[in-house]
Protein chains: 2
Amino acid sequence: MDNRISDILRRNRLSVTESRQKILNLFLSNTGALAHADIEHKAGERFDRVTVYRTLQAFVEKGILHTIPTADNSIKYALCKNDCFEGHHHDNHIHFVCSKCGKTECLDDFIIPAVKLPKNYIANNIEIVVNGVCNNCRKN
Amino acid sequence: MDNRISDILRRNRLSVTESRQKILNLFLSNTGALAHADIEHKAGERFDRVTVYRTLQAFVEKGILHTIPTADNSIKYALCKNDCFEGHHHDNHIHFVCSKCGKTECLDDFIIPAVKLPKNYIANNIEIVVNGVCNNCRKN
DNA sequence: AATTATCTTGCAACATAGTTGCAAAATAAT
DNA sequence: ATTATTTTGCAACTATGTTGCAAGATAATT
C-alpha cells in the first residue's frame with residue numbers, strides 16, 4: 001500500500017493497521033465525502049461495522065477527516081486539508097451536495113460569507129451546506 | 001385546549017386529535033426547536049414513539065414544522081412562519097445553536113447571504129447553522 | 001343524533017444505526 | 001525475540017426509525 005498513507009497515520013500517532021490503511025485509501029482515491037455505509041459495503045471489501053465506527057472516530061479526532069452534517073440526518077466524512085491537528089478543525093469551507101449524482105464535496109476555496117446575527121450573539125462556527133446541481137451533472 | 005391549535009390543524013386538513021393538539025402546543029408554547037426525544041419524554045406526558053414520528057412527519061409535510069439539520073446528527077423541528085403550505089417550504093433563515101444552553105432557534109429576520117460557488121454550479125437550497133453563544137447565555 | 005366511512009392511534013414485530021466489554025490478534029517498543 | 005500496548009472482531013446491548021394491522025377516535029352523511 002501507498003507510503004503516503006502510512007506516513008499520515010504515523011504522523012498522527014496511530015498504529016499502522018490494514019483497516020486504517022484501506023479506509024484512509026478510500027478517501028484519498030475518492031473525490032467527495034463518504035458515509036459510514038459507503039465504507040462498510042465498499043466493493044470488494046467487507047469491514048467490520050465496529051472497526052469502521054472506531055476508525056472514522058479516530059480519524060476525526062486526529063484531524064484527518066471532518067464530518068459534514070446533511071439534511072437527511074446522515075453524517076458524511078471528508079478529508080481535511082493540511083491544517084487540522086488533534087481535533088482542532090479549521091474547515092471553514094462550504095459543502096455542496098449535488099441532488100443529481102448525490103455526491104458531497106468540499107468547496108475548499110469558497111470561503112464562508114459573513115453572517116449577520118442578532119445583537120450580542122457570538123458565532124463560533126458556521127456550517128453551510130448548499131444543495132444543488134454540480135458542474136458535471138449540469139452538462140449531462 | 002387552545003382554539004388556535006385546532007384551527008391550524010383544520011386549516012391543514014388534519015383531523016383534530018389529542019396527540020396532535022398536545023404536540024403542536026409544545027411548539028407554540030416553546031421558543032426554540034425540539035427534537036423527537038424532547039417530545040416523547042416531555043414532563044407529564046408520555047406519547048407513543050410511533051405517534052410522535054407520524055405526527056412530526058405530517059406536520060412537516062403540511063408545512064407546519066420544518067426540520068433543522070444538526071452537526072450531531074439529530075434532527076430538530078421548529079415552527080414555520082406563515083407561508084409554508086403543503087410541503088413547499090420557504091424557510092430561508094439562519095439557524096442558531098447555543099453551545100451553552102443547547103437551544104436551537106430560528107433567526108427568522110436574518111437572511112441567508114449570497115454564497116459564491118464554482119462555475120456552472122447551481123444552488124437550490126442553502127442551509128446555514130451557526131454555533132455560538134446566544135444573548136441570554138452571554139449575560140450570565 | 002345515529003350510522004357509516006375515513007383517519008389515527010398504539011401495539012407488536014421488525015430493520016437499521018451506534019455503543020461497550022472483552023479475549024484474541026496485530027502492531028510497536030524494548 | 002520478547003514484552004507491552006493497541007487494535008480488531010465478535011457478542012450483546014441500546015437507541016432510533018419503520019411497517020402492518022386491529023381497535024379506537026374523528027369526520028361525513030343521512
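Order of the sequence lines sets the chain letters (A, B, ...), proteins ahead of strands, with each chain counted from 1.
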Is there any protein nitrogen or oxygen under 3.5 Å from a nitrogen or oxygen in nucleotides 27-29 of chain C, and what are the pairs?
{"unit_1": "C:dA28", "atom_1": "OP1", "unit_2": "A:Val16", "atom_2": "N", "d": "2.9"}

Taking [atom1] from [X] and [atom2] from [N], how many angstroms apart are they, rounded to a whole number?
| X | N | atom1 | atom2 | result |
| --- | --- | --- | --- | --- |
| B:Leu9 | C:dC7 | CG | P | 16 Å |
| B:Phe47 | C:dT8 | CZ | P | 16 Å |
| A:Tyr53 | C:dT16 | OH | P | 12 Å |
| A:Asp48 | C:dA17 | CG | C1' | 14 Å |
| A:His41 | C:dA17 | NE2 | C1' | 11 Å |
| A:Ile39 | C:dA17 | CD1 | P | 13 Å |
| A:Arg49 | C:dT19 | CZ | P | 10 Å |

| said: Nearest heavy atom decides the nucleotide; on that basis, is B:Arg20 or B:Val50 closer to the 5' end of DNA chain C? | reply: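 Of the two residues, B:Arg20 wins.
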| request: Give a yes or no on whether a donor-acceptor pair under 3.5 Å exists between the nucleobase atoms of C:dG18, that is its base, and the side chain of A:Arg54. | output: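 Absent.
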Has [X] got a side-chain atom pairing as donor or acceptor with [Y]'s backbone, closer than 3.5 angstrom?
| X | Y | result |
| --- | --- | --- |
| A:Thr104 | A:Ala33 | no |
| B:His95 | B:Ile68 | no |
| A:Thr55 | A:Thr51 | yes |

[Y] side chain reached by [X] side chain, heavy atoms, under 4.5 Å:
| X | Y | answer |
| --- | --- | --- |
| B:Asn135 | A:Pro118 | no |
| B:Phe59 | B:Leu14 | yes |
| A:Leu28 | A:Ile8 | yes |

| message | Under a 3.5 Å threshold, yes or no: a donor from one side chain and an acceptor from the other, between B:His36 and B:His41? | response |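 No pair is found: no donor N or O on one side chain lies under 3.5 Å from an acceptor on the other.
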| Taking five pairs at each end of the helix from C:dA1-D:dT30 to C:dT30-D:dA1, what angle separates the two helix axes (nearest 10°)? |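 About 40° separates the two local helix axes.
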| request: Check every nucleotide of DNA chain D for an atom under 4.0 Å from a heavy-atom of chain B, then give the first and the last such nucleotide from 5' to 3'. | output: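 Extent of the interface on DNA chain D: D:dT16 to D:dA27.
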| task | Sorted by first residue and then second, give each salt bridge (Lys or Arg N to Asp or Glu O under 4.0 Å) pair with at least one member in residues 104-120 of chain A; sequence neighbours left out. | result |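 For residues 104-120 of chain A, and leaving out neighbouring residues, the salt bridge (Lys or Arg N to Asp or Glu O under 4.0 Å) pairs sorted by first residue read A:Lys81-A:Asp108.
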| request: With sequence neighbours excluded, give me every salt bridge (Lys or Arg N to Asp or Glu O under 4.0 Å) pair touching residues 30-43 of chain B. | output: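 Salt bridge (Lys or Arg N to Asp or Glu O under 4.0 Å) check on residues 30-43 of chain B returns no pairs.
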| salt bridge (charged side-chain N to carboxylate O under 4.0 Å, His left out) against A:Asp48, all qualifying residues, sequence neighbours excluded |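 None.
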| said: Testing the basics here: between A:Asn30 and A:Leu26, what is the closest heavy-atom pair and its distance to 0.1 Å? | reply: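 That closest heavy-atom pairing would be CB-O, 2.9 Å.
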